[in-house]
Structures are given as C-alpha cells and as structure tokens.
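Scroll down for the structure; my scribbles are underneath it.
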Number of protein chains: 2
Amino acid sequence: MNIYDVSKKAGVSIATVSRVLNGNPNVSEKTRARVHAVMNELGYTPNVFARGLGLGSIKTIGIMCSDSSDPYLAHAIYYLERELRVNGYDSILCCTGNSLETKQQYFNLLRSKKVDAIILAGSKFIEPKVKDNTYIIDGAQEIPIMLVNGYLEGDNIYSTVCDDRMAVHKATGQLIASGCRKIVYLYTSNSFSGTNKMKGYRDALTGHGLPVRPEYIHQCEKNVICARDLLLELAKDGLVFDAVMTSDDTLAVGAIKYAHMQDLKIPDDLSIVGYNNSTYAICTDPELTSIDSKVEALCTATINTLMGVFNGVNVPSRTTIAADLIKRATTKF
Amino acid sequence: MNIYDVSKKAGVSIATVSRVLNGNPNVSEKTRARVHAVMNELGYTPNVFARGLGLGSIKTIGIMCSDSSDPYLAHAIYYLERELRVNGYDSILCCTGNSLETKQQYFNLLRSKKVDAIILAGSKFIEPKVKDNTYIIDGAQEIPIMLVNGYLEGDNIYSTVCDDRMAVHKATGQLIASGCRKIVYLYTSNSFSGTNKMKGYRDALTGHGLPVRPEYIHQCEKNVICARDLLLELAKDGLVFDAVMTSDDTLAVGAIKYAHMQDLKIPDDLSIVGYNNSTYAICTDPELTSIDSKVEALCTATINTLMGVFNGVNVPSRTTIAADLIKRATTKF
DNA sequence: TTGTACGCGTTATCAG
DNA sequence: CTGATAACGCGTACAA
C-alpha cells in the first residue's frame, strides 16, 4: 500500500497524489476529490521513513528528562507533549537518570533519530563544569535545544525559566514579616533552579538585616522521610527554628511530619513553605502553603518559542516566568 | 555523510560497510577494523529513515497513556521506557486524554509512524462497548498490542494485569477480621481494573456473610477534596461506617482528611486502605495502609512478553501478577 | 494542471 | 569474503 497504488487506482500520477497529500494548491478540485476518495477507500497513510529520507525531518521532537516519575517533570512532559501535538509534532521521550554519561548517550540517540529539536526538561541537565555541557552546545549547531527551567548560553539554545529566586525571596520575606526569625532552608539539589532558590532565601534574610547562618541551610534527598529525620536530628542537636523554607513540597511534607512528631503547632510554632504546589500540598493536614512554579506556562512558552525558531521568527534566547505563592494553612500569612 | 563516504574512504563497497554496521560475520577482521576506523574518524551514524525504509521497522515502540501526570502512569512510563531501552528499543509517548476519539487518533498516528508495537498503559483503554475496541483489534493484525493492567481478548494482543480483585478481597477481609463491619467502598472508574477491585470488595463481604449495600459504594473523582467532601456528605446524611476501602491512594488521603475534620481516631474509629502504595501514602499522618500494585513488575513483565513476541517465542496472552498489602498506620491489622 | 524521472541512504540478493 | 545493483516510498525539479 503505497503512493503508486493510490495513483494507479485514481488514474493519476504519483506526483499528483503527493500534491494532494501535501495540500499543494495546483490540483484541480475534481482530481483532488478523486484522489482523496481513493486514499480513504484504501486507508492509505504515507510512509514516514520515505518522507523523512527525502526531507531529512520527521516532525518529531526529542524530550529528555531525568525521571518522568517525579511529579514536576511528569507534569512538564504532559504539557510539552500536548503543546507539541497541537503544533503537529510528535515526541520521543527519554528518561535519562542523573549520570552525565547516560544523558550524553540519550542526547546522541535522539540526534541519530533525526529529531527536529531536543527539549531538556528540568534543571538537572546543566553541569557546573563548562566542559561537561559541550555536547549540548555541539548538538545545537544542528538543531535547536530548548531548556525548561535551566539555563545555558549558546547559539541556537533557548531557555525558559521560572523566576525561582524571586519566588523564594518573596515567600521568605513574608515568613519574616509574619514574625519568623529563625528560618531553616532545606533544598535538594545545586542545579540552576536550586541555586536560584537558595539565592532568594539568602537575599531575603540579608535584605531584612538577618544573618545567613550555614547551620540553618541543609541539603536533603527529595524524600519525605529524609526531610523529617533531618529536622529531627537538627532539633536534637539543639538548633532552634520557627520556620522551614523548602525547595520542594516533598521536603515540606517531611517538615509537617516533623512538627507532628514534636507536637509543634503549625503555623504558630512552626511555619512551613513548600515549592511546586504539587498535589502533595493538599494531602497534608494542615494543607501546605507552596510556591506554584507554573509548569504549564513554562512548557507552553517553551513550545511557542520553539515554533518561532522553526518559523524563522526572532525569538528571545531566554524567557522568564513569575511564580505564584499559594497561601494555605502552614504559614501565618 | 553517508555510507558512500565511508565506503569510499575505506576503499570498500557500501555492501561491506553495511555488513560491518550490522555485525554480519562474513567480513574479514582486517576490513572490519578498517571500516570501523573510518566510521569513527568521520563520526558516521546510519540514517534511520533509510534503514526504516528498507526494513519497515525502526525499533521503536509506541506508548499510550491517558495522563502521564497521574503518579501511577508516570511510574509505568518510567519503567516501560527503561525496560525498552535495555532491549534496544526507543519509545514514542502519547498522552491521549480520556476521549475515545483522541485515543483512536493517537493509535493511528503511532501506526503511521510504523512503530513495532503499541503499549496501552493503564486500564482506561478498553471500552465497555465491544465495537469501540475494534480499532485495537484491527491494529493488532499488523503489530502486537500490549495492555498494561487492562484486558482485551484478541489475536496478537497481550495483557499483563495485577490481581486487583484478589488484592482488594484480601484487604477487605483483613478489615473485617480486625472488627470493621460497615465498610464504605470508594472508587474512581469502571475500568477493567476498577471493576475487578469492586468485585474483590463485594466478594469479601459476601464471603464473610456480610450484606453488600449500595449506599456504601460510591464513585468519586480521583481527587483528595472530592473524596473528603463525599464522605462528609455521607456522614451528614446519617450513614454510619467504620472503614473506608478505596481504589486509589488519593481517595484514601481524602478519607484521612475527613477523619481529621470529624475528629475521628484512625484506625480506632475509622480504618482506611489505599491503593497503589504511592508516595501519597507516606505524606499523611497517620501513614496510609495501601495496596502495592507492583507497577514495576507489571512493566517488566510486559516488555519481557513483548520481546518474546518479537523473537517468536510462545508467550502467554495474559499474565497476572499478585499485589502486596503494605501495612501502615490507618488499619488495626 | 499534470506527469516523468531522479535522489534520498540503507538493506538484501545475487554473482563472483 | 566482497561488490554491484535492485528495491524501499516519497518529494520535487523539470518537462509537457
């Protein structure tokens, strides 16, 4: 079942069938209708490989993420895929894990599949060592590379990021305004997004004339139990704190569990702020005040930019989106 | 940069290059080494389209899921993708939503992309009307169709399911054994998996000589707040119950919130059982007793079966995997 | 408006 | 063990 079968049955040449297929206007209504009829009758679909062979493109975008089961990334994938589909593109998903080596492997795999662009979803793809990012910069010489919540400077590389610094800055400021003075900061990673959040926390303290104390800043696995146990440990070691600012809802849930175990009243004895406004935020008692990082807007903007790139429109190499603070019951504000 | 460039530079024919590429043994060590050297030097990668054109296959599997942001499906995608990769296959992901029409569209889209198989992840793909599933049965005439936690009879269709009936049956039995007599059943959908869970609940009651009362069985959106409010409503209407069995952790979290609002002691006044053993289960206080539906095992088995199909091994058309009951603090057992 | 003929890069089948 | 050559199905100059 190919274009020849259709052309034979419709009594036209393959060129005409191809024209009908691709909406070329230089076909009479009559033959167009006849060809369409035959295509339907035969249930014909053009062969993507043959098409790709000639054109070198296949309207498919590669999406890389470190872990699709992470709620944030899972949503990102969902929105990216949806927006691509709307624009007539398919997507190939790769879950890379966190090692640089596998990331490079998947990146090359996608390039070998001749995808039209690669989207790096999440801030885990940019390495601190410049050299470790050259594979991305090299790849960008052939196809556009889109970063969702990550930033890398380079030709044909486009970043869409959430203003994490500002978001944490604002939330920390409100904690302070509501009377908190000893704010623990819990974070999971030193990624682009991670360092920005941290900066927001530090700047807010400094801005309010409060000291930034290293003993209040702790890294922690993205895991409820780890966060709970870490706080338990800190309290046992005599650290006094009246609020916990986190880089992820998971850690904030851990903080709530900690408060329950210590019989602390939330938010009076302990205020807690999460990040991502995930479904976890409404699973807890009390429900979690959390920063909405606007995944959907981020993903939509990413795809819009990408389509702009494809259409030769002049698009910004960096787009920043503001986060929202969703106030619930774990803060006094 | 193609096979001709390599052949020229290596001083052999393209046929030989192709043989080297595909590990054909009929090449002398010497020329093999030379060709490999040239390929590395030129950084040559074979063109997937040309390969696909000739072979009609591209070692890519289509994965369909209704919503990749659902935690259960997100995990399923992760495991499926990983297992496929291990076996040298890539995957194209489609998030279909829930309407039959879009499901069919995506299904056909994947077929037009010439994927080697389609995996339908989750139990939302099999429609109650036989006619609505014919598109799947038709597709199976060309490529194997794999169902993850769904069942459809047909040639070249393979199902891997979790024994949901047994799991709920057992958990309900334990609720009864621990003294519960009035067990509300909350469920989200009437899918294959959904009806089996329900059957487990009913059979357990019947098996213990308890009546199955429709006023104890309620459908509910997969949403914490909906579940909480539904129970609030039921209690207000005078329904008396001492346990809530659910088809999803989300609903169970809602039940915990309900208990908190009513100042009920868990599990003494109210026992609660979730389903899927998701991360929600450890977000709550008290932590949730939940049924582990073994997504990873399900996905591994699915891909193993699929590889068996590709290799012409005689594989079962249906594989059933037993669930685990994870006991935490919302039940007396 | 329509048709012919060629190129895209690979694999597979022969013949040597 | 190696090479020449015919598919594979489509898009598209170019010719009519």
Side-chain angles (χ1 to χ4, degrees), chain A residues 1-39 42-60 88 90 109 111-116 142-143, chain B residues 1-39 42-60 88 90 108-109 111-116 142-143 310:
Chain A
M1 160 64 57
N2 57 28
I3 202 169
Y4 291 96
D5 299 329
V6 178
S7 77
K8 219 172 287 173
K9 188 139 189 168
V12 297
S13 75
I14 62 157
T16 301
V17 177
S18 178
R19 278 189 274 263
V20 171
L21 218 47
N22 297 292
N24 185 314
N26 296 328
V27 184
S28 75
E29 252 339 296
K30 217 169 158 179
T31 49
R32 181 185 303 281
R34 190 164 69 251
V35 171
H36 267 138
V38 173
M39 292 201 302
L42 266 53
Y44 164 76
T45 18
N47 182 308
V48 273
F49 300 138
R51 177 175 270 168
L53 225 204
L55 265 41
S57 150
I58 197 191
K59 289 220 143 203
T60 299
D90 299 316
L109 182 110
R111 286 183 58 192
S112 79
K113 293 262 171 191
K114 307 283 181 190
V115 294
D116 300 303
E142 292 186 16
I143 51 172
Chain B
M1 162 62 57
N2 56 30
I3 203 169
Y4 290 96
D5 300 328
V6 177
S7 78
K8 222 173 287 172
K9 187 138 191 170
V12 296
S13 75
I14 60 159
T16 301
V17 178
S18 179
R19 276 189 276 261
V20 171
L21 218 47
N22 296 290
N24 185 314
N26 297 329
V27 185
S28 75
E29 250 341 292
K30 218 169 160 179
T31 50
R32 180 185 304 280
R34 190 165 69 251
V35 171
H36 266 137
V38 173
M39 293 201 300
L42 267 53
Y44 163 77
T45 18
N47 182 306
V48 273
F49 301 138
R51 178 173 270 168
L53 226 206
L55 263 42
S57 149
I58 197 192
K59 289 218 143 203
T60 299
D90 299 316
N108 290 329
L109 182 111
R111 285 184 57 191
S112 80
K113 292 264 171 190
K114 306 284 182 191
V115 295
D116 300 302
E142 292 186 17
I143 51 172
F310 286 151

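Letters go in sequence order (proteins before strands), and every chain restarts at 1. A quick note: this is a predicted structure, and the numbers were derived from the prediction, not measured.
Interatomic distance, B:Leu21 CG to B:Met39 CE, rounded to the nearest 0.5 Å: 5.5 Å.
Contacts of B:Ile14 with the nucleic acid, taken as non-hydrogen atoms under 4.0 Å apart, include base atoms. Residue A:Tyr4 is classed as a base contact, given a heavy-atom separation below 4.0 Å to a base. Across all strands shown, A:Ser28 has heavy atoms under 4.0 Å from sugar-phosphate atoms exclusively, and none from any base. No engagement by A:Val17 is indicated, since no non-hydrogen atom pair under 4.0 Å with the nucleic acid exists.
Closest contact between the side chain of A:Ala50 and the listed nucleotides D:dT2, C:dG9, D:dC10 involves D:dC10. With distances taken from any side-chain atom of A:Ala15 to the nucleotides D:dT12, D:dC10, D:dT2, the minimum falls on D:dT12. The listed nucleotides are D:dG11, D:dC10, C:dT11; the one nearest the side chain of A:Pro46 is D:dC10. Among the nucleotides C:dG9, C:dG3, C:dT2, the one closest to the side chain of A:Val27 is C:dT2.
Between A:Ser13 and B:Leu21, the residue anchored nearer the 5' end of DNA chain C, judged by the nucleotide with its closest heavy atom, is A:Ser13. Mapping B:Thr16 and A:Gly54 onto DNA chain D via the closest heavy atom, the residue that lands nearer the 5' end is B:Thr16.
Atom CG of A:Leu55 is separated from atom P of D:dG11 by 7 Å (rounded to the nearest Å). As rounded to whole Å, 7 Å separates atom P of C:dA12 from atom CG of B:Asn22. The distance between atom CG of A:Asn2 and atom C1' of D:dA7, rounded to the nearest whole Å, is 12 Å.
Contact annotation: A:Asn26 side-chain N/O to C:dT1 OP1/OP2 distance is under 4.0 Å.
Using modelled atom types, no side-chain atom of B:Asn22 and backbone atom of B:Asn24 make a donor-acceptor pair closer than 3.5 Å.
Summarising the geometry of A:Ser13 relative to A:Ser7, their closest heavy-atom pair is C-CB, 3.6 Å, with the distance given to 0.1 Å.
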